[in-house]
Amino acid sequence: MKLNIAVLSGDGIGPEVTDQAIKVLKAIAVEFDHTFLFSSAPVGAIAIDETGNPLPDSTLDLCKKSDAVLFGSIGDPKYDNDPNAKVRPEQGLLKLRKELGLYANIRPVKAYDMLLDKSPLKKENIQGTDISIYRELTGGIYFGEKKQNEEGTWASDLCEYSKEEIERISHLAFKAAQARRSKLTLVDKANVLETSRLWRKVVKQVAESYPDVELDFLFVDNAAMQMILNPKQFDVILTENMFGDIISDEASVIGGSIGLLASASVGDKHALFEPIHGSYPQATGKGIANPVASILSAAMLLDHFELYQEAELIRKAVEKSLQLNITTPDLNPDSENITTSKVGDFIEDYINNPQDSNINFQNLHLGQSTII
Ligand code: IPM
Ligand code: MN
């Protein structure tokens, strides 16, 4: 298969983790005889510095004509601490999602057996957790009208949803549930919000076409608690934009590090793949950022093009790295010498030689001497 992939690595640790995903995709291309062509373009704070615009037209054009976008991360503290900033890096990502029509953001959350001890939550509560969060991505309070009075003493963000916006992501979420454990939980705040009541009404209607899927409802405050108390109860979670943003960061605690959580953002025409973590400015350039979320986002990219075997091999390689503790300090504080790119090298190497399983495996795949 030939794929043109736009690479928007963005700010902070974005470039270093995205480099590892590219390395891994290149190894897959060789191994399975595909052609993946990568073209880079600026987005976020770096694009503001270069052009004054967090999403330059040339970047958007490149994304529109590519088959997929591989995204890094966005954000810079100099904007976070300036409430009066006229342009912000995040606007680039939000505009990109809107322009590409990426209305469904899919965030898998998994408790890996070998990482159960890394989570602050009790092992017995999280073991076996496997959740797929479907977060609506182009509507809600993120995109409603924003206002402020002239004195800067009052502000408003409007939250709006239409039936169509709810329907299209609901169909994707129900189909996903059918292919999984046939359970879908709608997370909302229908006891307070009109938009949430519309979500409930529309989702119930859509559910009639999926009688084999068990549908239940949870208020977001309760869902936040249940996510920590008993995450195993969830299969597919469907929710609006802001609740999905919050609940997915919370869910990352189950896996032991937010550096593991990948995502796919899909629409009818385009698709973008990005780790859910932010730009982690404190870690930039230190080689300590976990590249796994970016690498697993690349696996989701392959899934999107039905390259399932290829995606599976990446996941196997990632699991092998976790098993052998070849991980960055977020998961393994004693691993200063296992850098972002070392993890990428290991995963790349495993893809090139998946059959290797000798006792020197770890050294071999870290490019170290196998002579003890
Ligand atoms: C995410 C991020 C973004 C969001 C920010 C960077 C705009 O937190 O992808 O979860 O809020 O959607
Ligand atoms: Mn977020």
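Every number for a ligand or one of its atoms is a count from 1 in the order of the listing. Count residues from 1 along the sequence.
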Open item on the list: Using the rule that Ile, Leu, Val, Met, Phe, Trp and Tyr join whenever any side-chain heavy atoms are under 4.5 Å apart, tell me whether M300 and L102 fall into a single cluster.
Closed with: no
Open item on the list: Set out, in order, the CA-CA distance, both residues' side-chain angles and the distance that settles side chain to side chain contact (heavy atoms under 4.5 Å, CB included) for V17 and N290, then state yes or no.
Closed with: CA-CA 7 Å; V17 296; N290 193 334; over 6 Å; no
Open item on the list: Considering non-hydrogen atoms of the protein only, which is the closest contact for atom 8 (O) of ligand 1, and what is the distance?
Closed with: D245 OD1, 3.4 Å
- [ ] Give a yes or no answer on whether the side chain of N149 reaches the backbone of W154 with a donor-acceptor pair at less than 3.5 Å.
- [x] yes
Task: Ligand-residue contact atoms, ligand 1 with R107, heavy atoms, under 4.0 Å - done: 1 (C), 9 (O), 10 (O)
Task: Contact with ligand 1 for R97, non-hydrogen, under 4.0 angstrom - done: yes
TODO: Verify whether one side chain among Q226 and N222 offers a donor that lies under 3.5 Å from an acceptor in the other.
DONE: yes
Task: ligand 1 atoms in contact with R135 (distance to a heavy atom under 4.0 Å) - done: 1 (C), 4 (C), 9 (O), 10 (O), 11 (O), 12 (O)
Task: Option of least heavy-atom distance to atom 6 (C) of ligand 1 (set: E274, E90, R88) - done: E90
TODO: Give the residue and atom name of whichever protein heavy atom lies nearest to atom 4 (C) of ligand 1, and the separation in Å to one decimal.
DONE: Y142 OH, 3.5 Å
Task: Spacing of CZ belonging to R107 relative to CD1 belonging to I247, to within rounding of 0.5 Å - done: 12.0 Å
Open item on the list: Could you measure the distance from the CG atom of D249 to the CD1 atom of I276? Nearest 0.5 Å is fine.
Closed with: 4.5 Å
Task: N, O or S from D245 under 2.8 Å to the Mn ion (ligand 2) - done: yes
